[in-house]
**Student:** 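Here's a structure for you.
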Amino acid sequence: MYMREFVITKPESGQTLEKYVRKLLKNAPLSFIYKTFRKGDIKVNNKKAKKDVILQDNDVVKIYINEEAFDSFLPNSDIIPSDVIREWIVYEDENILAVNKPKGILVTEADTTIEKSLDQLVLEYLYLKGEYDPNSSPTLKPGPAHRIDRNTSGIVLFGKNISALQALFTMMKDKKALSKKYYALVDGVILNEGEVDAPLLKDAETNTVRVASYKEGAKSATTKYKPIKVYGNYTLLDVSLLSGRTHQIRVHLSYISHPIIGDSKYGNFERNKFFKEKYGLKSQFLEAYSLTFNHPPMPLEYLSGQTIEVPLSKEYQEILNQIDE
């Protein structure tokens, strides 16, 4: 019988033994994992352990298993050293990473795509730096704390460890803890700031969202906006999210008859066609440009009051310059 030993690190603590083992032996059938537990071949600190035991920092997990089976059950890894995202990084410390995502890249991998997603590129970057090794820490995987649409550019936050990711997830649920702002170019002239408070309902089959009633199962959603500058028949808005629903900004602005320019799902077809032909715009004019840490929990309390911002992308600025001529 082959034995592998793992020392639980602080970022890996706080989860159940079952969850840890299932992530460690990602490709193993659940029946095999449960059988291994029943046989007492999984131990914590040299004692047989139940599935629901909570792992603590410095706990020693020992798994007794056939060596060939163990290797075959490990997660498949296609991680290669790469720093392709280095120029996209706008902030980095020991806990988090903020990336200015270009348009056209998914935040997380989808079954229908073959190109690399942003989370894969982040793992390759951290692997190159020696901060992530899927072989030594197969259960500890840095990841994104939130998503933005494929064709929306802007800031995406990544947690480098479990503690940081949990803190970021908590902040994403509490909108008072983290403020998110977007640039959006919309159809029509808006002279005053305003707020859209309209519940949203998602259709998973069509991947579309609409304003609906709570009786239909819609979830509350609130969006604030204020004009930055009027460009002819269009307005550049500063948009703030008070909730984080799928396609929220796009649907809310369309709902008040000021759809985002270039939005193929919720926008104005004729306007989109005009901008594509004249300015080469092929997707929605929407950019996540600012994140402010208002009340971050530990271990991110040192970020309190800090703001991460990126300037309007060169492509969008050039379009505005041309409109303004």
Side-chain angles (χ1 to χ4, degrees), residues 1-81 95-97 106-114 116-127 130-147 158-170 172-173 204 299:
M1 183 69 71
Y2 179 65
M3 188 273 287
R4 283 293 300 269
E5 181 177 294
F6 302 89
V7 178
I8 302 301
T9 63
K10 185 176 181 180
E12 294 171 313
S13 64
Q15 60 183 314
T16 64
L17 178 60
E18 179 185 354
K19 185 175 182 180
Y20 177 86
V21 173
R22 287 177 64 172
K23 287 193 291 185
L24 177 67
L25 305 178
K26 186 176 181 180
N27 295 326
L30 286 179
S31 58
F32 176 87
I33 291 177
Y34 294 147
K35 180 181 178 181
T36 306
F37 270 110
R38 289 196 300 270
K39 291 171 62 180
D41 288 338
I42 301 177
K43 298 182 178 181
V44 176
N45 301 328
N46 292 318
K47 296 180 180 179
K48 293 182 181 180
K50 295 183 178 180
K51 301 191 298 291
D52 58 355
V53 67
I54 302 298
L55 295 175
Q56 305 297 326
D57 189 17
N58 292 321
D59 278 349
V60 177
V61 176
K62 293 183 178 179
I63 301 179
Y64 296 84
I65 188 176
N66 176 277
E67 183 173 2
E68 291 184 1
F70 184 88
D71 291 339
S72 67
F73 291 155
L74 290 174
N76 298 322
S77 175
D78 56 356
I79 301 296
I80 57 174
N95 289 312
I96 72 168
L97 186 71
L106 287 167
V107 172
T108 56
E109 184 179 11
D111 295 336
T112 58
T113 60
I114 57 174
K116 290 183 178 179
S117 53
L118 188 63
D119 61 343
Q120 291 174 298
L121 295 174
V122 166
L123 291 181
E124 292 178 358
Y125 167 75
L126 295 176
Y127 182 79
E131 295 186 26
Y132 171 66
D133 185 349
N135 297 315
S136 63
S137 301
T139 68
L140 178 59
K141 188 176 181 180
H146 60 120
R147 301 183 187 184
F158 283 79
K160 289 186 176 183
N161 53 64
I162 289 179
S163 298
L165 259 179
Q166 289 176 336
L168 290 174
F169 286 148
T170 298
M172 292 299 164
K173 294 178 181 179

**Student:** Just wondering, do I63 and L24 contact through their side chains at under 4.5 Å, heavy atoms?
**Tutor:** yes

**Student:** Start with the C-alpha distance between I65 and T36, add both sets of side-chain angles, then the distance that settles side-chain contact (heavy atoms from CB on, under 4.5 Å), and finish with yes or no.
**Tutor:** CA-CA 8 Å; I65 188 176; T36 306; 5.6 Å; no

**Student:** Assess the side chains of Q166 and S163: does a donor N or O sit below 3.5 Å from an acceptor N or O?
**Tutor:**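 No, because no side-chain N or O of Q166 sits under 3.5 Å from a partner of the opposite role on S163.
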
**Student:** Closest heavy-atom contact between Q15 and I162?
**Tutor:**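 In this case the closest contact between Q15 and I162 is NE2-CD1, 3.8 Å.
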
**Student:** Going by the rule side chain to side chain contact (heavy atoms under 4.5 Å, CB included), which residues pair with K51 if we only count those two or more places apart in sequence or in a different chain?
**Tutor:**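 Only E18, Y34, F37 meet the side chain to side chain contact (heavy atoms under 4.5 Å, CB included) criterion with K51.
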
**Student:** Is there a side-chain contact between L126 and F158 (heavy atoms, below 4.5 Å)?
**Tutor:** no

**Student:** Minimum heavy-atom separation for V107 to S117, with atom names?
**Tutor:** O-CB, 4.0 Å

**Student:** So, using side chain to side chain contact (heavy atoms under 4.5 Å, CB included) as the criterion, who are the partners of A28 when residues are at least two apart?
**Tutor:** L25, F32, I33, F73

**Student:** Between A164 and G159, what is the shortest heavy-atom contact and its length?
**Tutor:** CB-CA, 4.3 Å

**Student:** First locate atom CG of D119, then atom CD of E124, and finally report the distance between them rounded to the nearest 0.5 Å.
**Tutor:**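 Separation between the atoms: 10.0 Å.
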
**Student:** Can you name the closest pair of heavy atoms from L17 and V44 and give their distance?
**Tutor:** CD2-CG2, 3.8 Å

**Student:** If only atom types and distance count, is the side chain of N45 paired as donor or acceptor with the main-chain N or O of V60 below 3.5 Å?
**Tutor:** yes

**Student:** Could you walk me through whether L168 and H146 satisfy the side-chain contact (heavy atoms from CB on, under 4.5 Å) test, starting with their C-alpha distance in whole Å, then the side-chain angles of each, then the deciding distance to 0.1 Å, before giving a yes or no?
**Tutor:** CA-CA 9 Å; L168 290 174; H146 60 120; over 6 Å; no

**Student:** What's the separation between atom NZ in K62 and atom CG in D41, rounded to the nearest 0.5 Å?
**Tutor:** 13.0 Å

**Student:** I need the L165 CG to M172 CE distance, nearest 0.5 Å.
**Tutor:** 10.0 Å

**Student:** T16 and L55: side-chain contact (heavy atoms from CB on, under 4.5 Å), yes or no, with the steps?
**Tutor:** CA-CA 6 Å; T16 64; L55 295 175; over 6 Å; no

**Student:** Would you please name every residue forming a side-chain hydrogen bond (donor to acceptor under 3.5 Å, both in side chains) with D52, sequence neighbours left out?
**Tutor:** none

**Student:** Grab the two heavy atoms, one from T108 and one from P144, that are nearest each other, plus how far apart they are.
**Tutor:**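 Shortest heavy-atom contact: CG2-CG, 3.8 Å.
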
**Student:** What are the two closest heavy atoms between P142 and K160, and how far apart are they?
**Tutor:**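 Smallest interatomic distance, heavy atoms only, reads CG-O, 3.6 Å.
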
**Student:** Taking it one step at a time, do Y64 and K43 satisfy side-chain contact (heavy atoms from CB on, under 4.5 Å)?
**Tutor:** CA-CA 9 Å; Y64 296 84; K43 298 182 178 181; 4.0 Å; yes

